[in-house]
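Report on the following structure.
Side chains included, hydrogens not; waters and symmetry mates left out as well; all remaining heavy atoms used.
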Amino acid sequence: MQIPVATYRIQFNPEFGFAQTNDIAYYLAALGISEVYASPILTPRKGSTHGYDTVDPNSINPELGGMKSFEKLIEELQSHKIGWVQDIVPNHMAFDSQNYILVDVLENGSDSQYHNFFDINWNHAYEDIRGKVLAPFLGKFYGDCLESGELQLQYEQSGLTINYYGLKYPIRIESYSQVFTYGLERLREKLGREHPAYVKLLGVLYALKYVASGEEARERYNQISFVKRMLWELWNDSADVQKFIEENIKLFNGKAGEPESFNLLESLLGEQFFRLSYWKVGNEELNYRRFFTVNDLISLRIEEEEVFNTTHDLIFQLVEDKKITGLRIDHIDGLYDPAQYLNRLREKAPEVYLVVEKILEPQEELPLNWPIQGTTGYDFLNQVNNLLCQQSSEDEFNAIYQGFIKKAVSPQQLIDENKRLIIGKHLAGDIDNLAHLLKQISYRYRYASDFTTYGLKAALVEIMALFPVYRTYIDRNGASSSDREYMVQVINQAKKNIPNFLNELAFIEKFLLLEFDEHLTEEDQNQWLHFLMRLQQFTGPLMAKGVEDTVLYIYNRLLSLNEVGSHPEQFGISLEDFHHYNQERCGQWPHAMNATATHDTKRGEDVRARINVLSEIPQEWEKHLKEWREINAGEKECVGGRDVPTPNDEYFFYQTLIGAFPFEKDEYPTFVERIKEYIIKAIREAKVHTAWLKPDSVYEDAFTQFAQRVLKDTEDNPFLQAFLPFQRKIQHYGMLNSLSQTLLKITVPGLPDFYQGTELWDLSLVDPDNRRPVDFQIRQKYLEEIKTRSESDLDGLIAELLQNPENGKIKLFLIYKVLQARKEYLDVFQRGGYEKLTVAGSLKTHIVGFARELPEQKIITVAPRFLSSLVPEGEYPFGEQVWQETRIIPPADSTPVWRDIITGKTVEGEDTLWIRDILQKFPVALLVNVGD
């Protein structure tokens, strides 16, 4: 297995494909990257900017360059000894007419060779979608779309389709006779009974009466192909037949203002294997599983071996050809049986490096029986992020936040309220389906036969809302002790919350704990297990939408802590907790990823590093908040009796400005526009004053205009005059935070992952802001300078970097130096132990110190934190006047001489290393033991 030294995430899109990546291969190698970590590259919808909407799992995206360009890139990367970790999407595909597998299902229904590929309930409780797939993509009610002429029948070489703007849905072959026999006498009268074209058309119509179905699937496809070919020949060879078809299609398409003229089209649509509906219907009545709440991403039954093999053929071929050396599994929690999937994957690709995208709640552990190397690193991100938040300020920060917004806020209450909001408005159809499944099962047991769907649904809603983790992993092999504890905890609380439904909860409890009734048949046991595994698939989306995409945009106490995988109640962690986390990781998941920025993070890693500084200076933060509120009070608009933005949104706004404010003046106009776009996304996600389902343009416009006014770039702008000095102060300490964060990411257990462009300061906001083009030319230029100067004038280079930190070159320098060290001492970082080192002295809480070690080699990381109280603004934490008697105790069996890999300087000490000696030239240090 090829364990990466360091990965570099590239977000491919039509503007940045394989050819552009080929141009930066040398740069990545020079930086110290061992693996490109690629966003999805299998063919998605045309124009996709992210690749998670696959339409063909067995071809390479032509908009990125296709297979030939991909192979050329792999060849170039391999010449630099760079591997390829591929992000794959086993949970879902695009619900789109470009998806040939889905189109086949929509056209052929139960006769499709792909009938069981998608997670569709063909036997739904609601008759109008039984035997059909709901297609909730209309912009208004179905009847309105029909009678306004927005649904159009169309004929082309591939056959008949019903079109709704850019969407196309195939008409089943059995329905062709409706269109092609309607008014057939017109054609007969014009051509005569013996005309070859008419006779040929009759032959086609006769064939339509006997299209095979059921077990004769192959014959069916041959017949469909024959019918379509004959019709297309008639269309092209006979102008009269073409005119006849065009006239019929016009008749079927009706005439706006004449409702009865659409009867033919409505009758035709009623025969199809899909039912078109208003898009909001998908949240309340749905018979297919989606990715989260996204209607146009339809989930796969990847647990079926045929589906698994079909959708992974190309990936496994690329692994076998050694073009792919690692795999990243997207949304593992959405799968029916994650363990089964991973075991199959490992069996097919035994040597591949394998990580999963998995959110772990505080104290939650990754299943140890999964055959993987770990997670993609959100757990590390939140550990290091909380390490840089001053825990002791929590009470003061609570008071500041609640005082500013003028109300007390409970994060746990917000979580409960918003999970229930998501259940009611976005996942109602999914919960409804679970309740119907449970109702079907309950009929089989006399003690449950009287349970109503209403009662079972009420109990399920309570259980789902109370779930404390993204999901559990109970399967036919049983439950882990932790999963069992989660289930018991949820059931006990639910019984307290809704005592009127104790019987229903007791019934469901049997399922959650797999406490099978005595003499239960194997078939019944499988039913119980199926319900439980179904339920487990929906707790993750609920947590993601309720907490990650709602509460984290409402609870704004300290925005840096509102990150993917974070818990809103957590405010910092202790050094002891950080060391314990790393020791556990070293023993269990030494090759997991360490991320600080991804395509899914809420804000850039250096935005968080800045905002964390506020936790060190709560009183100063409060003073400025009050000042800014007073200055900007006159810039607000009153909308519906309230000033916009509201206090909570205003509090959010100021933190965002502090975190994302650009270093360079020429970026300012773009920054203001970015902030306005971000405001819209953030307040819609919060779902308080506006929402994606029901935007309030009046509130949104008032907020963005407020931002425009207070950020007006004029010398007499009182807000900017008051804001900028404080922002620059935070900016300085934020840079120091970032350097510590960067060093920790590269040296703790696990391997460092770098999101594209973050080797310079990362001041991005949530996507799409963090997918903006990266200027690789400037990065290549800076790296060449760093490499050359490091060899000829390291001291001069460091002095220059410290003098001009704003350009980000200092961060790139640190990454380069430490990645070179990681490659040189790879065994220490991949196989070495992790030892928490004792730090003594009055400033011991300001130093993160640990050793990575093998018997023959030891390396010490020294990363300072909470520096706003130790050094004046603009200065660095160097020497005795800062660190005084603070010292670190090296590993017991180390030799006395240490060399700082970053500065090249040596530090000596028999049993003590003084921080004043270690931190003299650079804000962080990486010491390698070099002997006597």
Side-chain touch Ile171/Leu153, heavy atoms, less than 4.5 angstrom
yes
Can you confirm whether or not the ring centre of His312 sits under 6.0 Å from the ring centre of Tyr341?
yes
Regarding Asn61 and Thr43, is there a side-chain donor-to-acceptor distance under 3.5 Å anywhere?
no
Looking only at the side chains, is there a donor atom on one of Tyr114 and Asn108 sitting less than 3.5 Å from an acceptor on the other?
no
Without hydrogens or angle criteria, can the side chains of His530 and Tyr336 be said to hold a donor-acceptor pair below 3.5 Å?
yes
Distance only, no hydrogens: is a donor on one side chain within 3.5 Å (strictly under) of an acceptor on the other, for Arg534 and Gln537?
yes
For Tyr278 and Tyr142, I'd like to know if the aromatic rings sit close, meaning centre-to-centre distance below 6.0 Å.
no
Does the gap between the ring centers of Trp528 and Phe511 come in under 6.0 Å?
yes
Less than 3.5 Å apart, any donor N or O on the side chain of Ser175 or Gln272 sitting next to an acceptor on the other?
yes
Can you tell me if Asn222 and Ser225 form a side-chain donor-acceptor pair at under 3.5 Å?
no
When the ring centroid of Tyr169 is compared with that of Phe273, is the distance short of 6.0 Å?
no
Do Glu523 and Thr521 have side-chain N/O donor and acceptor atoms under 3.5 Å apart?
no
For Glu260, look at atom CD and say whether over 12 heavy atoms of other residues, nucleotides or ligands are found less than 6.0 Å away.
yes
Can a donor-acceptor pair be found between the side chains of His599 and Tyr52 at a distance below 3.5 Å?
yes
Please determine, by modelled atom types, if Ser238 and Asp240 share a side-chain donor-acceptor pair under 3.5 angstrom.
no
State yes or no: are the ring centers of Phe95 and Tyr288 separated by less than 6.0 Å?
yes
Quick one about Trp84 and Gln86 (side-chain donor to acceptor, distance below 3.5 Å, no hydrogens or angles considered), yes or no?
yes
Suppose we call two aromatic rings close when their centres sit under 6.0 Å apart. Are His436 and Tyr126 close by that rule?
yes
Between atom CE of Met533 and atom CD of Glu303, what is the distance when rounded to the nearest 0.5 Å?
8.0 Å
Would Gln317 and Asp321 count as having a side-chain donor-acceptor pair, cut-off 3.5 Å?
yes
Looking only at side chains, do Arg290 and Asn91 share a donor and an acceptor under 3.5 Å apart?
no
Would Arg289 and Asn433 count as having a side-chain donor-acceptor pair, cut-off 3.5 Å?
no
Answer with yes or no after comparing the ring centroid distance for Phe262 and Phe252 against a 6.0 Å cut-off, counting only values under it.
no
